[in-house]
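The next block holds one structure in the form of structure tokens; read it before the comments.
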Amino acid sequence: MIDLKLLQKDFEGVKKALLRRGVDEKLIEELKIKNEKLKEAKMAYETLQAAQNAMSKEFGIYKREGKDISELKKRVDENKRKIADALEVQRQRQEELEKLAMSIPNLPDPDVPDGEDEEDNVEIKKVLEPREFDFTPKEHWELAEQNRWIDFERGVKIASSRFSVVYDMGARLERALINFMLDYNRKRGFIEVSVPHIVNRRALEGTGQLPKFEEDLYKIENQELFLIPTAEVPLTNLFSDEILQEEMLPLKMTGFTACFRKEAGAAGRDTRGIIRQHQFPKVELVCITKPEESDKVFDEMVETASGILTELGLPHRLVQLCTGDLGFSAAKTVDLEVWLPGQNTYREISSVSNTRDFQARRAKIRYKDGKKNTLVHTLNGSSLAVGRTMVAIMENYQNEDGSITIPKALEPYM
RNA sequence: GGAGGUUUGGCUGAGUUGGUCGAAAGCACCGGUUUUGAAAACCGGCGAGGGUAACACCUCCCAGGGUUCGAAUCCCUGAGCCUCCA
């Protein structure tokens, strides 16, 4: 959630930032008005409540002294009715404000480039040169089928479209990658955490997937529980509603989970292969930091994800997302895109975001900053999407006969 | 699935004949005295959110309802944890 105090204090500044990422101007103004209306209602209610409290105290004194209370009681009863009305007004306005505020995305950092969509993202740098092929490189689904690593039909048979089954060397490669990635992250100071794959509504609100993106989540029937779309949700919410000790920060975590997404709105995109599945394995990084150190940690996370690709010998590039392509909770995001020779293009394989205090405010994650309690910054990034890494290995390490060489870095894991 | 217990501030833990309880005490933490320095000792401060220029004031003792002029304390519903039984 954005900072409503800041909105009140620097309306023009906040408006400008939100307009950059395409938020409707009317919504921003409405947010401000609703906030002011709530304040009014609160004041009215609190004044009445204060009177009530005072009278109640008096009441006790009267009784003790044996005075007549009938007159006082009349006043109190009357006030009580007013309070009930005032409270109802306040409740309504609170609800309205919250509904709106929860649907407003984060403010982009000032240095995020303006832009409409991914076309306007800015390449930061390329790492490793794509290999020259003396034959026409195949796409991963061809290689996967030829090597009998991935079975697309049977995944569909037992579940639905966008599910697949991985066999033999493919399955072993997947497992090797997960271990390799977790170990790599651990060596860089991220502690390994194993979390539930199902979370409640509160957690999803904390990280910003709800209330806005419910249609993309798998919900457990008749329960307020959902399959996680990313490990970011359980990892970040681990410390919701807590006041952390300063020494605990920065908290750097890594975890492996499956991720579940309905991919609503992605109909027709990436239908072949395993680029876009309803269930996919991913190793995630989540950091909780003091505000002043989040930029540094952000860079570490990008380097870590990039480092894994480099170790695996996979050419990739870093791309800074423009305002139009930023995720809902992110103030700043750098994507890692891996080179896919079969598709002859770079494809997203990791996304590292700094949400600043946006999630921390929703999830109430704070730390003791000397005397004060201050909202932390939360960051998340994949390191990496395992399925897409397999795709990249297949395509980059393919031989002319369709066989695939296992990257050196993975040899100890296979 | 059944019976009982429990849920209080960063932690431990008092507080159930309803009022002066946002809550004793201890630990932790912060400031000071003392010390070459540290420890110990002593003095003072110290829950959270909102509100204010600062006060005042409002809300919060698992969550949600209710009774009452007034609830951490009474009633109902739900959740977590623990124990016993099936």
Side-chain angles (χ1 to χ4, degrees), chain A residues 1-10 31-102 195-196 198-206 210 219-220 222-226 234 237-251 288 290-291 357-376:
Chain A
M1 196 157 79
I2 65 165
D3 185 353
L4 291 177
K5 271 192 202 159
L6 185 67
L7 177 86
Q8 224 49 64
K9 217 167 53 193
D10 179 19
L31 187 64
K32 180 173 188 246
I33 291 166
K34 288 209 158 123
N35 192 32
E36 279 162 0
K37 286 244 174 199
L38 172 63
K39 264 189 163 179
E40 264 172 43
K42 264 191 162 166
M43 282 228 283
Y45 165 74
E46 284 178 10
T47 308
L48 290 169
Q49 187 63 44
Q52 184 77 1
N53 290 343
M55 284 191 273
S56 286
K57 252 182 200 168
E58 241 180 293
F59 204 101
I61 294 167
Y62 274 38
K63 269 214 142 166
R64 206 174 329 126
E65 294 176 351
K67 286 197 199 162
D68 176 35
I69 53 171
S70 57
E71 193 271 339
L72 180 60
K73 173 120 169 65
K74 211 186 276 173
R75 273 195 293 151
V76 152
D77 285 341
E78 198 184 321
N79 197 50
K80 223 176 146 181
R81 273 197 299 279
K82 284 194 211 159
I83 287 180
D85 293 345
L87 184 61
E88 191 44 42
V89 171
Q90 189 197 303
R91 250 187 214 159
Q92 262 175 33
R93 292 187 183 177
Q94 174 88 41
E95 205 174 297
E96 274 175 44
L97 176 72
E98 241 160 52
K99 205 168 132 203
L100 180 58
M102 289 289 268
V195 290
I198 292 179
V199 294
N200 57 31
R201 181 173 288 276
R202 220 176 121 86
L204 286 154
E205 283 171 349
L210 289 180
K219 185 167 187 289
I220 312 283
N222 297 326
Q223 292 189 50
E224 286 299 284
L225 294 172
F226 302 80
N237 281 287
L238 239 30
F239 299 95
S240 64
D241 241 326
E242 293 194 34
I243 299 171
L244 303 170
Q245 295 300 320
E246 195 170 352
E247 312 82 75
M248 290 171 72
L249 305 177
L251 201 66
I288 295 179
K290 296 191 225 173
D357 61 11
F358 186 82
Q359 293 179 328
R361 182 171 297 105
R362 291 174 157 234
K364 294 204 189 77
I365 312 172
R366 292 155 293 172
Y367 81 102
K368 264 264 181 280
D369 173 15
K371 290 237 154 177
K372 294 194 310 283
N373 296 321
T374 307
L375 292 171
V376 297

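A, B, ... follow the sequence lines: proteins, then strands. Residue 1 opens every chain. Scope of the values below: all heavy atoms of this structure, side chains included, with no hydrogens, waters or symmetry mates.
When the C1' atom is used for both B:G51 and B:A63, the distance is 25 Å, rounded to whole Å. Here, B:C61 and B:G44 have their P atoms 31 Å apart, quoted to the whole Å. Rounded to whole Å, the C1' atom of B:U33 lies 14 Å from the corresponding atom of B:A40. Nucleotides B:G9 and B:G19 place their C1' atoms 23 Å apart, quoted to the nearest Å. Distance check on atom C1': B:G80 versus B:G64 gives 15 Å, rounded to whole Å. Nucleotides B:U6 and B:U17 are separated by 15 Å at their P atoms, to the nearest Å. Across B:U73 and B:U68, the matching C1' atoms stand 13 Å from one another, rounded to whole Å. Taking atom P in both B:C62 and B:G15, the straight-line distance is 15 Å, to the nearest Å.
In the set B:G49, B:C69, B:C58, B:G49 carries the atom at the smallest distance from any side-chain atom of A:R366. Closest to the side chain of A:E46, out of B:C57, B:C69, B:G65, is B:C57. When distances run from any side-chain atom of A:Q49 to the nucleotides B:C57, B:C69, B:U59, the shortest one goes to B:U59. You'll find that the side chain of A:K73 is closest to B:C69, out of B:G51, B:C69, B:C58. In this structure, the nucleotide among B:G49, B:U59, B:G70 sitting nearest to the side chain of A:S56 is B:G70. Of the candidates B:C69, B:G10, B:G49, the closest approach to any side-chain atom of A:Q52 belongs to B:C69. Checked against B:A48, B:G65, B:C69, the side chain of A:R91 finds its nearest nucleotide in B:G65. Closest contact between the side chain of A:K39 and the listed nucleotides B:U52, B:C57, B:G10 involves B:U52. Picking from B:G19, B:U59, B:G51 the nucleotide with the shortest atom distance to the side chain of A:K5 gives B:G51. Checking B:C69, B:G65, B:U59 against every side-chain atom of A:Y45, the shortest atom distance belongs to B:U59.
What separates CD of A:E246 from C1' of B:C29 is a distance of 12 Å, to the nearest Å. Across the protein-nucleic acid pair, A:K82 atom NZ and B:C58 atom C1' stand 18 Å apart, rounded to whole Å. Rounded to an integer number of Å, the gap from A:I243 CD1 to B:C60 P is 18 Å. Atom CG of A:N35 is separated from atom C1' of B:G51 by 13 Å (rounded to the nearest Å). Straight-line distance from the CG atom of A:L375 to the C1' atom of B:G50: 14 Å, rounded to whole Å. When rounded to the nearest whole Å, the span between CG of A:L48 and P of B:G70 equals 14 Å. As rounded to whole Å, 16 Å separates atom C1' of B:A48 from atom CZ of A:R361. Atoms CG (A:N200) and P (B:A63) sit 16 Å apart, rounded to a whole Å.
Heavy-atom neighbours of A:Q8 CD from other residues, nucleotides or ligands within 6.0 Å: above the threshold of 12. Under a cut-off of 6.0 angstrom, the local environment of CE in A:M43 is sparse, with at most 12 non-hydrogen atoms contributed by other residues, nucleotides or ligands. More than 12 non-hydrogen atoms from other residues, nucleotides or ligands lie less than 6.0 angstrom from NZ of A:K290. At most 12 heavy atoms of other shown residues, nucleotides or ligands fall within 6.0 angstrom of atom NZ in A:K364. Heavy atoms from other residues, nucleotides or ligands lying under 6.0 Å from NZ of A:K99 number 12 at most. Heavy atoms of other residues, nucleotides or ligands lying less than 6.0 angstrom from CZ of A:R202 number 12 at most.
At least one side-chain nitrogen or oxygen of A:K368 sits closer than 4.0 Å to the OP1 or OP2 atom of B:A48. Residue A:N79 has no polar side-chain atom (N or O) positioned under 4.0 Å from OP1 or OP2 of B:C69.
With both pairing distances under 3.5 Å, B:G44 is matched to B:C30 as a Watson-Crick or G-U wobble pair. Pairing for B:G22 is absent, judged as Watson-Crick or G-U wobble with the two contacts each under 3.5 Å. Searching all strands for a Watson-Crick or G-U wobble partner of B:G64 with both distances below 3.5 Å returns B:C76. When Watson-Crick and G-U wobble pairs are counted only if both distances are under 3.5 Å, B:U83 pairs with B:A3. Applying the Watson-Crick and G-U wobble criteria (two distances, each under 3.5 Å), B:A54 pairs with nothing in any strand.
Counting non-hydrogen atoms under 4.0 angstrom, A:K57 reaches nothing in the nucleic acid. No contact: A:K364 has no heavy atom under 4.0 Å from any strand. Looking at heavy-atom distances under 4.0 Å, A:N373 makes contact with sugar-phosphate atoms alone, never a base.
Heavy-atom nearest nucleotides on RNA chain B were determined for A:M55 and for A:T47, and the one closer to the 5' end corresponds to A:T47. Nearest-nucleotide positions on RNA chain B for A:G60 and A:V76 put A:G60 closer to the 5' end.
Of the options A:K80, A:K73, A:K74, a salt bridge (charged side-chain N to carboxylate O under 4.0 Å, His left out) to A:D77 is made by A:K73 and by none of the others.
Put simply, the side chain of A:L97 reaches to within 4.5 Å of the side chain of A:L31, judged on heavy atoms.
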